[in-house]
Participant: 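Input: one structure, supplied below.
Throughout, a chain's letter reflects where its sequence line sits, starting with A, and its residues are numbered from 1.
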Amino acid sequence: MNLFRDVKADLDRTVETLIAEGVLPEGLDLSRVTVEPPRDASHGDMATNAAMLLSKPAGMKPRDLAEKLAEALTGHDRIATAEVAGPGFINLRLAATAWHDVLRAILDLGTAYGDSDIGARRKVNVEYVSANPTGPLHIGHARGAVVGDALSGLLLKAGYDVCKEYWVNDAGSQIDSLGWAVYWRYLEILDPKKFAITDEAAIKSFMAAMGAPDRELEYRGEYLIPVAQALFEEKGDALAVKGADGFEGKPVDEWLPPIRLFAVDKMLDLIKDDLKVLGIDQDVFTSERWIIETHVDRIVAWLKDRDLIYRGILEPPKGQKPDDWEPREQTLFRATQFGDDVDRPLQKSDGSWTYFASDIAYHWNKHERGYDRQINIWGADHGGYVKRMQAAVTAASEGKAALTVKLCQMVRLMDKGEPMKMSKRAGNFVTLRDLVDAVGKDVVRFYLLTRKPDAPLDFDLTAVKEQSRDNMVFYVHYAHARGHSVFRMAGEQVPDLDVSDAALAAADLNLLSEESEQAVLRLLSEWPRVIEAAAEAEEPHRIAYYLYDLASAFHGWWSKGKEDTALRFIQADDPAVTLARLALVKAVRIVIASGLAVFGVEPVEELT
RNA sequence: GCGCCUGUAGCUCAGCUGGAUAGAGUGUCGCCCUCCGAAGGCGAAGGUCACAGGUUCGAAUCCUGUCAGGCGCGCCA
């Protein structure tokens, strides 16, 4: 059920009829013709730009064509009046029955109302979070997580076959650093004095003794203590040697490989728990280690066969010269052939693959799995990486796959309008889990979706819990809760009234004649096209604004009853009117619940 | 120096992929409600859509250039 699509179909048929009658020429392109809600409700229910778009190919003046179309359009059942306005708009007013059909469809379909088939079950891969498995998720990850999850929900509702994916960077130098950090915590358990994490001198001399004098000890957070503890319980002191002077470290090769595996495993568990707290459950976790073992060599050879890889020397970036620049021959991918600014290195000087190489292989793997539409959600600091990745996807799929990247800007954590000071070193940086504990998963999810991702966002711990109109999260929840409270009140005030789904479906909807009721119904009719537009634009935040608009219209309608008791939803002496209004209230509840479901947010029946 | 993102009311932000008189919240000002159907209602003021060109029936939206802010710029992921 999509009223706008139905009316567009009426319009298309009208144009075809006029073509058959010779009024319009054949071969008109109707794809850009729209049927939309007008900006101003006084213009009518819907407006179309058809006459303005078709006037040129039809060889007619826009207003003349509009007159012809308007006349023909009034022949359809759904269309009550069609008037020409402005430069050639055709404003439509719909028959009352058209609106009633919408309302009944909502009651019948429930939260499936708004489901679309524009996706046609096409496969889409949405990759998000993909944080390095080196620690718990923090607030910076939360936005990408929520945006990716909501976009997935949106595409699912729009009829796509969606795969929600996490790319696990379980290889590379950061995982080495994690291994070292866990080893230090492990040694700390064996001898807390000798291996204190605060003893910079001890750390430095230890690194030197291990043959890695330049290595810094990263990841000093306490979350690694239980990991080291678990390691100790599994291995005892076998990963260290006991000398005359207490415990000493073993040669790196003996402990680093097993500890890396152990630590990544534990970190991934930690991250999955964090995601669970946010209500996120991704379908596929792909390991970089596995991709390197099974895919990189193959795709590199494949690209080499096509002369897309060569040995060469890059020019230094103009304007900004790194001090230590020296010309260096490296293995390069011809990214410039696919729209990137420079060719990009695939191998480090020690011969191992760069992250880019494994990422190429990974995206190629997605293509092999049938995902030719790929969406990645990244932090804005990775913006410089977008073009090369798109170039690589195009190259490795021979142009069959396309990647879009959504960049999420920073989230500033605030309290009462003041930025909160966070520092990793001091250990008071806010984890995702802290955030959820503080305000709840649904508030976090919804609030992070109230702004388009490419704009920075302030997350104010106090403001998000305020119960006022300027808090979108509250206002939408309140509308849904109010919808339930109306039904609770109906049960008290008119206990004999049958408000079952069947009774609501049979209500006399002609009794919904108030302007504020029509306004609500008009918005409800837009829900399917909001879903489709948001899905095509890949912009879940539009759902938040729609829900806010719907909540506003609903609260506005409710408020009418304050001025005039005859407009209150429940009229004890008029069951027919009450039932019709309750039917509309129920429909509002359904659509809000349907929208919140896209966001993975639970609708509430009562405010707390 | 180059690339990407951003620039809309005092403030925080929408603006349906090019449509009609650019919207909402907040703040300011004025009225109402002081209610119990829970956390408010009505109205006013407030704009050179950063700036300058261009495309066309029509531009906040598309193109070019300029300015300002953010991010990034050869073996980190």
Participant: Would the number of heavy atoms belonging to other residues, nucleotides or ligands and lying under 6.0 Å from CD of Glu329(A) be above 12?
Facilitator: yes

Participant: Expressed in angstrom and rounded to an integer, what is the separation of Glu466(A) atom CD from G40(B) atom P?
Facilitator: 11 Å

Participant: At less than 4.0 Å, is any side-chain N or O atom of Arg328(A) found next to OP1 or OP2 of G74(B)? Yes or no.
Facilitator: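 So the side-chain polar atoms of Arg328(A) never come under 4.0 Å of the phosphate oxygens OP1 or OP2 of G74(B).
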
Participant: Among the nucleotides G25(B), A77(B), A20(B), which one has an atom lying closest to any side-chain atom of Ala47(A)?
Facilitator: A20(B)

Participant: Taking the side chain as every heavy atom from C-beta outward, state whether Leu92(A) and Asp45(A) have any pair of such atoms under 4.5 Å apart.
Facilitator: no

Participant: Does C67(B) have a Watson-Crick or wobble partner in any strand here, with both distances under 3.5 angstrom, and which is it?
Facilitator: G7(B)

Participant: Under the 6.0 Å and 45° cation-pi test, does Arg373(A) pair with Tyr160(A)?
Facilitator: yes

Participant: Of all the nucleotides listed (C5(B), G15(B), G19(B)), which has the minimum atom distance to the side chain of Gln409(A)?
Facilitator: C5(B)

Participant: Side chain of Thr354(A), heavy atoms from C-beta onward: which of C16(B), A20(B), C75(B) has the nearest atom to it?
Facilitator: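 Nearest listed nucleotide: C75(B).
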
Participant: Please check if the side chain of Thr394(A) supplies one atom and the backbone of Phe338(A) the other of a donor-acceptor pair under 3.5 Å.
Facilitator: no

Participant: For A20(B), does the base pair up with any side-chain atom of Asn49(A) as donor and acceptor (N or O, under 3.5 Å, distance only)?
Facilitator: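 No.
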
Participant: Using purine N1 to pyrimidine N3 plus N6-O4 or O6-N4 for Watson-Crick, or N1-O2 and O6-N3 for G-U wobble, each under 3.5 Å, what pairs with U55(B)?
Facilitator: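 Paired with U55(B), as far as the under-3.5 Å criterion goes, is no nucleotide at all.
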
Participant: Could you check which of U56(B), A22(B), G74(B) has an atom nearest any side-chain atom of Pro345(A)?
Facilitator: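 The answer is G74(B).
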
Participant: With a 4.5 Å heavy-atom cut-off, do Ile543(A) and Leu154(A) have their side chains touching?
Facilitator: yes

Participant: Would you mind reading off the distance between Arg215(A) atom CZ and C76(B) atom P, rounded to a whole angstrom?
Facilitator: 12 Å

Participant: Check step by step if ring pair (Phe, Tyr, Trp, His ring centres under 6.0 Å) holds for His141(A) and His138(A).
Facilitator: CA-CA 6 Å; His141(A) 299 116; His138(A) 54 74; 4.0 Å; yes

Participant: Write down the distance separating the P atoms in A22(B) and C33(B), rounded off to the nearest Å.
Facilitator: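 Rounded to whole Å, the distance is 34 Å.
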
Participant: Is the NZ or CZ atom of Arg334(A) positioned over Tyr310(A)'s six-membered ring, under 6.0 angstrom from the centre and within 45° of the axis?
Facilitator: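 Yes, Arg334(A) sits over the ring of Tyr310(A).
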
Participant: C2(B) pairs with which nucleotide, Watson-Crick or G-U wobble, both distances below 3.5 Å?
Facilitator: G72(B)

Participant: Using the six-membered base ring of A20(B), report whether His43(A) stacks on it, requiring centroids under 5.5 Å and planes under 30° apart.
Facilitator: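 Yes; centroid distance and tilt both under limits.
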
Participant: Can you tell me the base-pairing partner of A24(B)? Count Watson-Crick or G-U wobble geometry only, both distances below 3.5 Å, and say none if there is no partner.
Facilitator: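 U12(B) - that is the nucleotide pairing with A24(B), both distances being under 3.5 Å.
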
Participant: For Glu563(A), report the nucleic acid contact type (base, sugar-phosphate, nothing); a contact means any heavy atom under 4.0 Å.
Facilitator: sugar-phosphate

Participant: Just call it for Ala85(A): base, sugar-phosphate, or nothing, with non-hydrogen atoms closer than 4.0 Å on any strand.
Facilitator: base

Participant: Looking at the side chain of Lys348(A), which of U6(B), A77(B), G74(B) is the nearest nucleotide?
Facilitator: A77(B)

Participant: Output the single nucleotide from A14(B), G74(B), G72(B) whose closest atom is nearest the side chain of Leu314(A).
Facilitator: G74(B)

Participant: Between C5(B), G74(B), A38(B), which nucleotide gets closest to the side-chain atoms of Leu607(A)?
Facilitator: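 So the nucleotide nearest the side chain must be A38(B).
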
Participant: Just call it for Gln467(A): base, sugar-phosphate, or nothing, with non-hydrogen atoms closer than 4.0 Å on any strand.
Facilitator: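 Base, at least one base atom sits under 4.0 Å.
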
Participant: Can you check the Asp454(A) CG to C5(B) P distance for me, whole Å?
Facilitator: 9 Å

Participant: Rounding to an integer number of angstrom, what distance separates G10(B) and G65(B) when you compare their C1' atoms?
Facilitator: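 Per the computed distance, 31 Å lies between those C1' atoms.
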
Participant: Across all strands shown, which nucleotide pairs with A45(B) by Watson-Crick or G-U wobble geometry, both distances under 3.5 Å?
Facilitator: none

Participant: Mind checking if Asn132(A) touches a base, just sugar-phosphate, or nothing, with heavy atoms under 4.0 Å?
Facilitator: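 Since only primed, P, OP1 and OP2 atoms lie under 4.0 Å of Asn132(A), the category is sugar-phosphate.
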
Participant: Given A39(B), A20(B), C57(B), which nucleotide is nearest the side-chain atoms of Phe474(A)?
Facilitator: A39(B)

Participant: Tell me which nucleotide, if any, is Watson-Crick or G-U wobble paired with A38(B) when both distances must be under 3.5 Å.
Facilitator: none

Participant: Answer with base, sugar-phosphate or nothing: what part of the nucleic acid does Phe89(A) contact at a heavy-atom distance below 4.0 Å?
Facilitator: base

Participant: RNA chain B: Trp558(A) or Tyr355(A), which has the more 5' nearest nucleotide?
Facilitator: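 So the residue in question is Trp558(A).
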
Participant: Taking atom P of C76(B) as reference, at what distance in whole Å does atom CD of Gln330(A) sit?
Facilitator: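 It is 10 Å, rounded to the nearest whole Å.
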
Participant: If you check the Glu539(A) side chain, which of G15(B), C75(B), G19(B) turns out closest?
Facilitator: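 Of all the options, the side chain of Glu539(A) is nearest to G15(B).
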
Participant: Take Glu536(A) and Phe569(A), find for each the nucleotide of RNA chain B with the closest heavy atom, and name the residue whose nucleotide sits nearer the 5' end.
Facilitator: Glu536(A)

Participant: Does U17(B) have a Watson-Crick or wobble mate here (both distances under 3.5 Å), and if so which one?
Facilitator: none

Participant: Select one nucleotide: of A77(B), G74(B), G25(B), the one nearest the side-chain heavy atoms of Tyr548(A).
Facilitator: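 Of the options given, the side chain of Tyr548(A) lies nearest G25(B).
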
